[in-house]
Amino acid sequence: MTKPTHPTSRRGLSRRQLLKASGGTAALLAAAKLNFPAGAFAQGAGPEVTKATLGFIALSDAGPLFVAKDKGLFAKYGMPDVEVAKQASWGTTRDNLVLGSEGNGIDGAHILTPMPYLISAGKVTQNNVPTPMYILARLNLDSQCISVAKEYADLKLGVDVTPFKAALERKKASGKPVKAAMTFPGGTHDLWIRYWLAAGGIDPDKDIETIVVPPPQMVANMKVGTMDCFCVGEPWNLQLINQGIGYTAVNTGELWNKHPEKSLGMRAAFVDKYPKASKAILMAVMEAQQWADKMENKKELATIMGKRQWMNCPVEDVYDRSAGKFDYGIPGKVVENSPHIMKYWRDHASYPFQSHDLWFITEDIRWGKYEAGFDAKALIAKVNREDMWRDAAKEMGVAASDIPASTSRGKETFFDGKVFDPANPAAYLKSLSIKRVDV
């Protein structure tokens with residue numbers, strides 16, 4: 001957290017202090033211009049405020065926020081006082097979003113895409129009181145992983161969990177508990193591991209206990225045998241392998257190619273009160289996504305992400321996978337130039353397709369987070385601000401080819417052959433055998 005500063009009158013500054021302060025600003029702007037040739041951004045009347053507090057969890061898909069802060073992009077767009085604040089868990093992120101910065105919480109966050117919807121609907125908040133949220137951008141596609149404890153090394157698990165089902169049944173029969181860990185109920189990691197298990201006939205509510213563990217605590221918990229498998233983002237899956245505790249079964253892009261993952265979520269109250277400041281934050285993050293997506297920047301990106309104030313991990317725990325090399329921790333299973341590398345900008349990664357938000361809500365209906373018949377499209381119309389993304393893209397001069405023509409990406413096909421048609425989510429639900437909802 002940044003230490004509070006106290007206003008000092010101009011008269012109270014010595015000539016030396018004034019020159020030092022001016023020089024620092026000039027150096028920051030020069031650095032921004034050097035790294036980002038478009039130069040410093042000049043916006044009409046400028047943002048209404050220069051500060052906002054954005055939360056993040058120590059995961060590589062928060063990389064654009066780290067880059068925007070480290071490389072002066074928030075400052076470039078008129079928001080030099082943006083604070084990027086580490087959160088202990090997704091539950092903490094939710095609680096701080098409910099508080100808002102005026103209540104010593106946060107204004108926005110790197111967030112699991114379903115969370116702004118669950119928070120806006122009051123499904124995961126205290127006393128079910130809604131806190132209206134907006135999604136301004138997607139932060140990335142793909143590259144979460146499902147990891148398995150080394151006690152199952154002989155199974156060499158992948159997308160097919162059939163052998164895992166038999167092993168779990170044997171373990172339960174011996175009187176031992178079996179557990180799958182994810183990071184937040186109804187969040188992306190919860191939905192990926194549930195989909196993977198259910199596709200192979202394992203009911204994630206009946207055949208295995210599903211528990212919540214914050215991302216940075218996954219490796220330590222598997223080390224002491226807390227869970228049999230988990231789903232989380234990097235660097236924790238690779239760190240698990242580097243410490244010899246388990247292996248990667250699947251990259252989630254293998255379940256659904258080019259799937260949406262995290263989002264830039266903001267409190268609606270902040271955006272409505274400070275629309276120019278919110279747009280400035282959005283543009284800074286979008287430019288950071290463009291930078292982070294370039295292969296020539298991957299080593300520097302990994303170095304930035306590993307910093308103590310960000311993910312606080314060795315660069316070797318994050319670099320390989322951020323550059324597209326996936327060693328699964330299974331002898332002979334190493335994929336170079338994986339098509340499921342984390343995408344920050346390419347393939348319309350930054351644009352928040354409304355059809356994708358509809359899938360997340362539909363899956364949360366599947367697992368009982370929303371009631372059957374919940375009006376998903378009405379909630380999406382309130383939360384998804386793809387209109388702001390388009391405005392920001394236009395102002396930044398984003399190429400027309402990088403701006404989707406539609407709010408829908410169309411039909412989506414999963415690894416098990418299931419198809420999600422945004423025009424008929426009920427048919428998708430009906431096609432799924434394991435669910436908590438009658439369709």
Side-chain angles (χ1 to χ4, degrees), residues 35 58-64 66-67 138-148 153 156-160 188-189 192-193 195-196 215 230-244 246-262 286-306 310-311 313-351 353 356 399 401-402 404 409 412-416:
N35 283 289
L59 291 165
S60 59
D61 38 36
F66 309 154
V67 170
R138 203 77 71 219
L139 288 177
N140 68 301
L141 305 179
D142 287 349
S143 211
Q144 312 301 290
C145 287
I146 295 172
S147 289
V148 181
K156 297 180 180 178
L157 291 172
V159 293
D160 180 13
T188 57
H189 302 127
W192 306 140
I193 203 162
Y195 197 102
W196 179 67
F230 64 64
C231 184
V232 74
E234 297 302 334
W236 313 114
N237 300 285
L238 183 54
Q239 188 175 96
L240 183 84
I241 292 169
N242 288 343
Q243 293 187 17
Y247 65 95
T248 294
V250 294
N251 177 320
T252 49
E254 296 171 62
L255 306 181
W256 175 11
N257 189 30
K258 298 177 184 175
H259 72 74
E261 181 52 38
K262 305 297 190 303
M286 288 167 69
E287 187 163 336
Q289 288 179 277
Q290 293 173 327
W291 183 90
D293 212 44
K294 292 176 180 173
M295 292 308 294
E296 62 266 29
N297 294 332
K298 294 299 183 183
K299 192 73 179 182
E300 186 181 354
L301 173 65
T303 303
I304 290 170
M305 292 195 293
W310 304 137
M311 297 195 322
C313 71
V315 173
E316 55 266 27
D317 284 351
V318 66
Y319 173 66
D320 276 2
R321 292 187 173 191
S322 70
K325 179 182 177 181
F326 282 80
D327 181 340
Y328 283 68
I330 298 171
K333 191 173 182 182
V334 179
V335 178
E336 302 276 358
N337 302 314
S338 170
H340 308 303
I341 184 176
M342 185 170 289
K343 301 156 188 72
Y344 296 105
W345 184 259
R346 75 192 77 169
D347 298 321
H348 298 145
S350 176
Y351 177 76
F353 284 100
H356 291 163
S401 59
D402 284 341
R409 201 171 71 175
E412 304 284 350
T413 303
F414 295 79
F415 82 101
D416 56 350

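Numbers here simply count residues along the sequence, with the first being 1.
The structure places CG of D320 at 13.0 Å from NZ of K298, a figure rounded to the nearest 0.5 Å. Note that CD of E234 is 9.0 Å distant from OG of S322, once rounded to the nearest 0.5 Å. Between atom NE2 of residue H348 and atom NE2 of residue H356 there is a gap of 11.5 Å, rounded to the nearest 0.5 Å. Note that CD of Q144 is 3.5 Å distant from NE2 of H189, once rounded to the nearest 0.5 Å. Taken to the nearest 0.5 Å, the OH atom of Y344 stands 12.0 Å off from the CG atom of D142. With rounding to the nearest 0.5 Å, the separation of OG in S60 from CH2 in W236 is 10.5 Å.
Of all the heavy atoms in N140 and Q289, the pair that sits closest is N-NE2, 4.5 Å. In terms of heavy atoms, P260 sits closest to R138 at CB-NE, 3.5 Å. C313 and Q239 get closest at one heavy-atom pair: CB-NE2, 4.3 Å. Nearest heavy atom pair, residue W345 against residue Q290, reads CZ2-NE2, 3.3 Å. Nearest approach of P64 to L139, heavy atoms of both residues: CG-O, 4.3 Å. In this structure, I241 and T248 approach most closely via the heavy-atom pair CD1-OG1, 3.6 Å.
For the pair I146 and L255, the minimum side-chain heavy-atom distance is below 4.5 Å. At least one side-chain heavy atom of I341 sits under 4.5 Å from a side-chain heavy atom of R346. In this structure the side chain of T252 never reaches within 4.5 angstrom of the side chain of W196, judged on heavy atoms. Between Y351 and D402, the closest side-chain pair of non-hydrogen atoms is not below 4.5 Å. Within the 4.5 Å cutoff, the side chain of H340 has heavy atoms near those of the N257 side chain. Side-chain atoms of L240 and F230, non-hydrogen and from C-beta on, do get closer than 4.5 Å to each other. Using a 4.5 Å heavy-atom threshold, the side chains of W310 and M305 count as separate. Looking at W256 and W192, their side chains come closer than 4.5 Å, going by heavy atoms from C-beta outward.
In this model, no donor atom of one side chain and acceptor atom of the other lie less than 3.5 Å apart for H259 and E412. Judged purely by distance below 3.5 Å, without hydrogens or angles, the side chains of S147 and N237 pair a donor atom with an acceptor atom.
Of the possible donor and acceptor atoms, none in the side chain of S350 sits under 3.5 Å from a partner among the backbone N and O of M286.
Surrounding NZ of K156 are at most 12 heavy atoms belonging to other residues, nucleotides or ligands under 6.0 Å away. By the 6.0 Å contact criterion, NZ on K294 is open, its count of non-hydrogen atoms from other residues, nucleotides or ligands being 12 or less.
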Legend entry - Audit row: N242, D317, side chain to side chain donor-acceptor pair (under 3.5 Å) steps and yes/no: CA-CA 7 Å; N242 288 343; D317 284 351; 2.6 Å; yes
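Scored by the side chain to side chain contact (heavy atoms under 4.5 Å, CB included) test, A62 finds F56, F66, H110 as partners (sequence neighbours excluded).
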Enumerate, atom names and distances included, each donor-acceptor pair closer than 3.5 Å involving a side-chain atom of residues 325-332, sequence neighbours excluded.
from, atom 1, to, atom 2, distance (Å)
D327, OD1, G329, N, 2.9
Y328, OH, E254, OE2, 2.7

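Of the candidates S338, P235, C145, C145 is the only one forming a side-chain contact (heavy atoms from CB on, under 4.5 Å) with R321.
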